[in-house]
Amino acid sequence: MGVRLNFYGGAGMVTGSCFQIEHGRGGFLVDCGMFQGTKTVRELNYGVFPFQPAAIDFVLLTHAHIDHSGLLPKLSRRGFERTIHATAPTVDLLSFMLPDSGHIQESEVERLNRRNRRRGRPPVEPIYTRKDAEDLMRRIEGHAYERWFEPGPGVRARFWNAGHILGSASIEVRVDDDGGPVHLLFSGDLGPDEKVFHLEPDAPAGFDYLVCESTYGDRDRADATVEERRRALCREINNALAAGGNLLIPAFAVERTQELLHDIGVLMAERQIKGVPVFLDSPLANNATQVFARHAAALEDIALDESELFRNPSFRFVESVEESKSINRITAGAIIIAASGMCEAGRIRHHLKSNLWRTKATVLFVGYQAPGTLGRLILDGEKTVRMFGEEIAVKARIRQIGNYSAHADQKELVAWVVERLPVRGGIFLTHGEDEAREALRLQLIEAGCDRSLVHLPKLDDGFDLVAAAPAPRKERISDSEIVRDWHNDYALLLLELPRRLEALPDDRARRALLRRLHAELPE
Ligand SMILES: [Zn+2]
């Protein structure tokens, strides 16, 4: 039957990474991530998978981030009973990240069902529960980097350091096929060259197919060393404290939080910033911090003594809800780091509610904000936001540091691809918004990649792969369509419509708008 690659997530968007390989002797997944962003995008988490979970032989997992791993418990709830392969640190991180995600699913559905009962609607089931996630952990197998293993008949795989977060990997795969083995590399998320904790990404060269992320495919950061980045953080912290309020940093629980703690620890040790209280208000991040401390010997570029890593008299690791609530009484002079990084869930929302309306407070963004998320709305300058059923005015100072990203920028992505050449069959750009991957496509062509090799798959697209010599593709499309086609406009409308409808004052206005739109449709 040949080898087929299907893009079931992370195509035309950053989240929901999920690629399926079908071949003569079976099929497997690379990643099975949760969709994050607008309501429409998140709805994808609740639907059926576009494949049979019971027919999946195994899963190869690039790293622990929820947008790559978050639907694994759903996969097993829907009938997948086999093994998931990941690096050893990824297994450690997942052991609390997936149960935590299960807990979030359960509590969100509980809230929704309370509302549904009042409206006389039937209850809905959580995507999965904490228990589903805990049960799944028994089937995740840890592997060392750079060692081949055979996850299923006719398939060999090995992990390469991707330099993105602890345990992150690119995955090299060889799939036996009648026409000879097909040799692929999935980049996973790629880290920048300059970063504390991890070496720059690495992998061999010479593949049939390459699947490469493009999150920051349209962005070039000013070259910043680890020290320069720390100085930028230092400036932001001192300005925020001088403004006379609290400093809120929404941060992903894994990696970003530990980088921030490391750098704040260094700045305090150098007396560049005052020893103000730093609240790490995220049990998940606290767990992740312990995993980092456990793997400290394997971490690079640490500017502190290993024994001092994350140990600082100013750091307060907050666990209980009561303790978290008590922080709300502090109106100035504290640094509060809390998840989630895009402000969609977690304790950061309570701190935003207490601080966003204060002119002296500062919110500092250090990571990617997906369109439609609360973080993106605030960053884009919305004057009021809705949280917990209330309108909150945004009066705080809104700041951003780009250089703390855990992702490679455009020139680093191009360099990574060029180092993997020759690639004979095709380069698929995934895990990026359309502008980002289009910009990356042009840069890759500029850098010498054959124009016909670079593809921008859309969600649910499938491609027939062949060893070495690619078959002519029927579904070739014009360049102008790649930049923007009616699917993009359609997707944009679908993304925008629910938001616009929500923003209308009542159901009457919503129905009126829908009637007007409907009237425009041709017979
Ligand atoms: Zn990631």
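The structure displayed is predicted, hence computed values, not measured ones.
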(message) Which residue is it: Phe35, Phe49, Phe51? I am looking for the one with a ring-ring contact (aromatic ring centres under 6.0 Å, His included) to Tyr8.
(response) Phe51
(request) State which residues pass side-chain contact (heavy atoms from CB on, under 4.5 Å) with Val385; sequence neighbours excluded, sorted by chain then number. (result) Leu356, Leu374, Ile378, Glu382, Met387, Ile392, Val394
(message) Whether the side chain of Ser170 engages the backbone of Ser187 through a donor-acceptor N/O pair (distance < 3.5 Å, no angle test) should be reported.
(response) yes
(message) With side-chain hydrogen bond (donor to acceptor under 3.5 Å, both in side chains) as the test, pick out the partner of His164 among Glu255, Glu213, His65.
(response) His65
(message) Quick one about Asp218 and Gln410 (side-chain donor to acceptor, distance below 3.5 Å, no hydrogens or angles considered), yes or no?
(response) no
(request) Side-chain contact test, heavy atoms from C-beta onward, threshold under 4.5 Å: evaluate it for Leu352 versus Leu248 and give yes or no. (result) yes
(request) Could you tell me if the ring centre of Phe7 sits under 6.0 Å from that of Phe19? (result) yes
(request) Verify, without hydrogens or angle tests, whether Thr90 (side chain) and Ala86 (backbone) share a donor-acceptor contact under 3.5 angstrom. (result) no
(message) What's the separation between atom OG in Ser107 and atom CZ in Arg130, rounded to the nearest 0.5 Å?
(response) 9.5 Å
(request) Say whether, by atom type as modelled, one donor and one acceptor occur between the side chain of Thr62 and the main chain of Gly188 under 3.5 angstrom. (result) no
(request) Say whether, by atom type as modelled, one donor and one acceptor occur between the side chain of Asp461 and the main chain of Pro457 under 3.5 angstrom. (result) no
(message) The criterion is salt bridge (charged side-chain N to carboxylate O under 4.0 Å, His left out); which residues satisfy it with Glu106, sequence neighbours excluded?
(response) none
(message) Counting C-beta onward and ignoring hydrogens, is there a side-chain heavy-atom pair between Thr362 and Arg399 closer than 4.5 Å?
(response) yes
(message) Show, in sequence, the C-alpha distance, side-chain angles and deciding distance for Ser168 and Asp189, and conclude whether the side chain to side chain contact (heavy atoms under 4.5 Å, CB included) test is met.
(response) CA-CA 7 Å; Ser168 69; Asp189 286 2; over 6 Å; no
(request) State whether Lys411 and Asp409 are salt-bridged, where the test is any N-O pair (Lys NZ or Arg NE/NH1/NH2 against Asp/Glu carboxylate O) under 4.0 Å. (result) yes
(request) Ignoring hydrogens and angles, tell me if any N or O in the side chain of Asn246 forms a donor-acceptor pair with the backbone of Ile335 under 3.5 Å. (result) no
(message) Between Val124 and Asn113, is there a side-chain heavy-atom distance shorter than 4.5 Å?
(response) yes
(message) Has Glu228 got a side-chain atom pairing as donor or acceptor with Thr225's backbone, closer than 3.5 angstrom?
(response) yes
(request) Examine the side chains of Tyr128 and Ser101 and answer whether a donor and an acceptor come within less than 3.5 Å of each other. (result) yes
(request) Please check if any side-chain donor atom of Thr129 sits under 3.5 Å from a side-chain acceptor atom of Asp132, or the reverse. (result) yes
(request) Can you measure from CG (Asp263) to CG (Leu233) and round to the nearest 0.5 angstrom? (result) 6.0 Å
(message) Any carboxylate oxygen within less than 4.0 angstrom of a Lys/Arg side-chain nitrogen, looking at Arg231 and Glu227?
(response) no
(request) Without swapping roles, check the side chain of Thr87 against the backbone of Gly167 for a donor-acceptor pair under 3.5 Å. (result) yes
(request) Apply side chain to side chain contact (heavy atoms under 4.5 Å, CB included) to the pair Thr373 and Gln36, showing each step before the final yes or no. (result) CA-CA 8 Å; Thr373 57; Gln36 296 162 321; 5.8 Å; no
(message) Suppose we screen for side chain to side chain donor-acceptor pair (under 3.5 Å). Which residues come up paired with Glu496, at least two apart in sequence or across chains?
(response) Arg500
(message) When you compare the side chains of Arg437 and Ser214, does any donor N or O come within less than 3.5 Å of an acceptor on the partner?
(response) no
(request) Measure the shortest side-chain to side-chain distance between Met342 and Pro250 over non-hydrogen atoms and say whether it is less than 4.5 angstrom. (result) no
(request) Applying side chain to side chain donor-acceptor pair (under 3.5 Å), name anything that partners Glu125, two or more places apart in sequence or on another chain. (result) Arg77
(message) Regarding Thr215 and His431, do their side chains bring together a donor and an acceptor under 3.5 Å, going by distance alone?
(response) yes
(message) Salt bridge check, Glu390 against Lys353: does any charged N sit closer than 4.0 Å to a carboxylate O?
(response) yes
(request) For the pair Asn45 (side chain) and Arg42 (backbone), establish whether a donor and an acceptor sit closer than 3.5 Å, ignoring hydrogens and angles. (result) yes
(message) Does Glu438 form a side chain to side chain contact (heavy atoms under 4.5 Å, CB included) with Leu456? I'd like the steps, not just the answer.
(response) CA-CA 8 Å; Glu438 173 56 21; Leu456 282 65; 3.9 Å; yes
(message) Under a 3.5 Å distance rule, please check whether Asn238 uses its side chain to pair with a backbone N or O of Gln272 as donor and acceptor.
(response) yes
(message) Could you walk me through whether Leu29 and Cys18 satisfy the side chain to side chain contact (heavy atoms under 4.5 Å, CB included) test, starting with their C-alpha distance in whole Å, then the side-chain angles of each, then the deciding distance to 0.1 Å, before giving a yes or no?
(response) CA-CA 7 Å; Leu29 297 183; Cys18 181; 4.1 Å; yes
(message) Using a strict threshold of under 4.0 Å (side-chain N to carboxylate O), is an ion pair present between Glu435 and Arg219?
(response) no
(message) I want to check something: taking the side chain as every heavy atom from C-beta on, are Ile330 and Phe279 in contact at a cut-off of under 4.5 Å?
(response) yes
(message) Can you confirm whether Ile171 sits close enough to Leu185 that some side-chain heavy atom of one is under 4.5 Å from a side-chain heavy atom of the other?
(response) no
(message) Can you tell whether the side chains of Arg510 and Asp507 come within less than 4.0 Å, N to carboxylate O?
(response) yes
(request) Name all residues meeting the side-chain contact (heavy atoms from CB on, under 4.5 Å) criterion together with Tyr46; count only those two or more places apart in sequence or in a different chain, and write none if there are none. (result) Val109, Ile127
(message) So does His407 get a backbone contact from the side chain of Tyr368, meaning a donor-acceptor N/O pair under 3.5 Å?
(response) no
(request) Could you check if a side-chain atom of Phe310 sits within less than 4.5 angstrom of a side-chain atom of Asn312, using non-hydrogen atoms only? (result) no
(message) Run the side chain to side chain donor-acceptor pair (under 3.5 Å) test against Glu200 and tell me which residues pass, sequence neighbours left out.
(response) none
(message) My understanding is that only residues two or more places apart in sequence, or in another chain, count here; which of them pass salt bridge (charged side-chain N to carboxylate O under 4.0 Å, His left out) with Lys131?
(response) Asp135
(message) Please list all pairs meeting salt bridge (Lys or Arg N to Asp or Glu O under 4.0 Å) that have one or both residues in residues 89-103, counting only residues at least two apart or in different chains.
(response) Asp92-Arg294
(message) Listing request: all side-chain hydrogen bond (donor to acceptor under 3.5 Å, both in side chains) pairs with a residue in residues 338-350, at least two apart in sequence or in separate chains.
(response) Asp281-Arg347
(request) Report the distance from atom CD1 of Ile140 to atom OG of Ser69, rounding to the nearest 0.5 Å. (result) 8.0 Å
(message) Tell me if the NE2 atom of His103 is crowded by more than 12 foreign heavy atoms within 6.0 Å.
(response) no
(message) List the residues meeting side chain to side chain donor-acceptor pair (under 3.5 Å) with Gln369, not counting sequence neighbours, and say none if there are none.
(response) none
(message) List the residues meeting ring-ring contact (aromatic ring centres under 6.0 Å, His included) with Phe28, not counting sequence neighbours, and say none if there are none.
(response) Phe58
(request) Would you check if Val91 and Met137 make a side-chain contact, meaning some heavy-atom pair closer than 4.5 Å? (result) yes
(request) Could you walk me through whether Glu259 and Arg229 pass the salt bridge (charged side-chain N to carboxylate O under 4.0 Å, His left out) test, one step at a time? (result) CA-CA 11 Å; Glu259 284 180 87; Arg229 199 176 62 168; 3.3 Å; yes
(request) Quick one: list whatever passes salt bridge (charged side-chain N to carboxylate O under 4.0 Å, His left out) with Glu391, sequence neighbours left out. (result) Arg386
